[in-house]
Amino acid sequence: MKDADASLCVLSVPEVVEEGRVVIPDRIEELFTSSTHILLNKMDLCASEDVSLAVDTLRERHPVWPVSLTSGEGLEMFLAEFGRLVNEK
């Protein structure tokens, strides 16, 4: 993944927001590069404050899309924007 033009990491919001902070396991974070994009799934299972915290924290270094694959919320925007990014590469 280090040499990839683009990579996508799917994270679950309930699993990365702990006690008011964002925690990414080291084994996952060490795979992140400047070309890593993040899909934050399961936003429907969290408080909006947790989703905002995760998005704001991760967006400092990576493009981020919060989605709920169950309800479809955010999915259309993710598909359009990530598709455009991939086509540009």
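No hydrogens, no waters, no symmetry mates; every other heavy atom, side chains included, goes into these values.
- Hydrophobic clustering (ILVMFWY, side-chain heavy atoms < 4.5 Å, transitive): Leu85 and Val10 are in one cluster.
- The line from CG of Leu53 to CD of Glu18 is 11.5 Å long, rounded to the nearest 0.5 Å.
- Taking a 6.0 Å sphere around CD of Glu88, one finds it holds more than 12 heavy atoms contributed by other residues, nucleotides or ligands.
- Nearest heavy atom pair, residue Arg21 against residue Val23, reads NH1-CG2, 3.5 Å.
- In this structure, His37 and Trp65 have parallel ring planes: the angle between them is below the 30° cut-off, well short of the 60° mark.
- Although no hydrogens or angles enter the test, the distance criterion places no donor-acceptor pair under 3.5 Å between the side chain of Asn41 and the main chain of Pro66.
- Leu45 and Val51 are members of different hydrophobic clusters when ILVMFWY side chains are connected at heavy-atom separations under 4.5 Å.
- Atom CE of residue Met43 and atom OG of residue Ser71 lie 7.0 Å apart, to the nearest 0.5 angstrom.
- Among all heavy-atom pairs drawn from Cys46 and Asp50, the shortest one is CB-CB, 4.2 Å.
- In this structure, Arg59 and Val64 approach most closely via the heavy-atom pair NH2-O, 2.8 Å.
- Side-chain contact, Ser7 with Thr36: a donor N or O sits under 3.5 Å from an acceptor N or O.
- Atoms CG and CZ, from Leu69 and Phe78 in turn, are 9.0 Å apart once rounded to the nearest 0.5 Å.
- Counting heavy atoms from C-beta outward, Cys9 and Ile28 have side chains that approach closer than 4.5 Å.
- Judged by distance alone, the side chain of Asn87 and the main-chain N or O of Gly83 form a donor-acceptor pair under 3.5 Å.
- Crowding of Glu73 atom CD: a count of heavy atoms from other residues, nucleotides or ligands under 6.0 Å not exceeding 12.
- Neither side chain, Ser68 nor Thr70, offers a donor N or O lying under 3.5 Å from an acceptor on the other.
- For the side-chain contact (heavy atoms from CB on, under 4.5 Å) criterion with Leu11, the lone passing option out of Leu39, Leu58, Val17 is Leu58.
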| message | Evaluate Val67 against Leu40 for side chain to side chain contact (heavy atoms under 4.5 Å, CB included), listing each step before the verdict. | response | CA-CA 6 Å; Val67 301; Leu40 283 173; over 6 Å; no
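- Distance check, rounded to the nearest 0.5 Å: NE2 of His62 to CD of Glu60 gives 10.0 Å.
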